[in-house]
Amino acid sequence: MSGVPEGRMNRMLDRVRHGLRGDGLRARALRSSGLTLMGYAGSQVLRLASNLILTRLLFPEAFGVMVLVSIFMMGLAMFSDVGVGPSILQSKRGDDPEFLNTAWTIQVIRGALLWVATCVLAVPAATFYDAPQLAQLLPVAGMTLLITGLNPTRLESANRHLMLGRVTAIDFVTQISGIVAAVLMAWWLQSVWALVLSGLLSALVQLYLYNVYLPGERNRFRWEKSAAEELIRFGKWIFLSTLAGFLLFQGDKVILGKFLTLEALGVFNIGYFLASFPLLLGGMVVRKTLIPIYRELPPKESPENFAKLRKMRYGLSALILILLAMFAMSGVVLVNFMYDARYALAGGIVVIVAAMQVPSVVVLTYDQAALAAGDSRQFFVLSAVRAVLTLAGLLLGVQYFGLMGALIGQGVAYVLAYPVVVWLARSQGTWDPLHDAVIFALGVAVAGFACWINMDAIIALSAMNSP
């Protein structure tokens, strides 16, 4: 046992097994976090494998066009988000069929309106980005928004009760079907249509599997006035928050899509995908587990609750920081090993993006406390401040220092938003300054070392699209 007494090892294994069993909050949280981690990690491995194949079947321009399609798809989805999911997670009526059916009715109407919007915006988008293909691609891609609007609220009920086993399995099967379809269509069509049509197929497969395999009652059209009022009251701030969220998480692609060629945009997207894996993984765990945990263990109620949340925060932050360090230090090697020469500059993008995301690790677990307490207004304020600072950093950076300046501007924006994070965290009783100081100091050391050992790639990247 490598120096570890057998009896001690058995006791440790017994504690782990005991912690994972039962229906208590801790057991459900551990199982859900583990499933989320495994599901997301597996998902990204599959996505990476598909990228490796697709980058050999399609040209970088195809990925650049798909970035623009994704911008409009995500933009419409986020600009119209009325918070149905978070409402079900935090509401006292989250298990009431009348409430759930009203929420589903709102979701279906929203999905239909989103598809109409993609049809209306297709030609203006093609003109703005000088990409004629968008006029045909967007209406077809927009049908996925119509399909996902039909997803049952049983999905949110599973998240609410931290029972994510079937959800994880369904999402995994859905992704596999989409990847297989994308590869076969890319081989056959040799165009960006392969990516659009495979996304449409994935949405249909997911809708079918959710309806067949998730437990619970089938949704019906229903409009209960009191439920609708609660959903709209909570959702109005979520709506505004997702407007800010779109600018925060997609603003780089919106802006760079205007400044970069489609080929350069495709290269940027490959590098950004690799570098964003750790933070996206952490965000996935936070969204799926923290609202129920904060709801059942409010940190203001007792020092014991705060201590439990502190342990969880340190563990999650350390995991993400380790992953960021791995990607930042080995980004150039990964890109050179996995992709051909057309994507070489993506290595420098991985290094810089991973380094600039270090400040995000510090604050990752705070904003969900406001949603758990039903205070979507505070969540909006934080999202809006982050969005404004991020857009300012991107615009100023790309104008004066090219792509490198845009990436660094994002990192500076995260640091400048920290006082607002502290305001929200203190009001919810979650602020942990020691955690923030320790993680930030370690992160700065990691980022500095990663940039130093990859300086050649950073210098090469700094010459890309310099003004």
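If you read the sequence from its start, that first residue is 1, and numbering goes on from there. Please read these numbers as outputs of a predicted model, since none were measured by experiment.
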Do [X] side-chain atoms and [Y] backbone N/O form a donor-acceptor pair below 3.5 Å?
X: Arg154; Y: Leu214; answer: yes
X: Ser198; Y: Ala181; answer: no
X: Asn305; Y: Glu301; answer: no
X: Gln107; Y: Asn151; answer: yes
X: Gln190; Y: Ala186; answer: yes

Side chain to side chain, [X] and [Y], heavy atoms closer than 4.5 Å:
X: Thr153; Y: Phe99; answer: no
X: Tyr414; Y: Met356; answer: no
X: Leu114; Y: Met73; answer: no

**OP:** Over 60° means perpendicular and under 30° means parallel, so classify the ring planes of Trp104 and Phe221, tilted if in between.
**Re:**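 Plane angle between 30° and 60°, so tilted.
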
Please report the shortest heavy-atom distance between [X] and [Y], naming the atom on each side.
X: Val353; Y: Leu407; value: CG2-CD2, 3.9 Å
X: Val69; Y: Ala141; value: CG1-CB, 3.8 Å
X: Ser202; Y: Gly178; value: OG-CA, 3.0 Å

Original post:
Are Gln428 and Thr430 linked by a side-chain donor-acceptor pair shorter than 3.5 Å?
Top reply: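 Short answer, no.
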
Should the heavy atoms of other residues, nucleotides or ligands under 6.0 Å from [atom1] of [X] be counted, would the total exceed 12?
X: Trp115; atom1: CH2; value: no
X: Tyr418; atom1: OH; value: yes
X: Glu98; atom1: CD; value: yes

**OP:** State which residues pass salt bridge (charged side-chain N to carboxylate O under 4.0 Å, His left out) with Arg310; sequence neighbours excluded, sorted by chain then number.
**Re:** Asp432

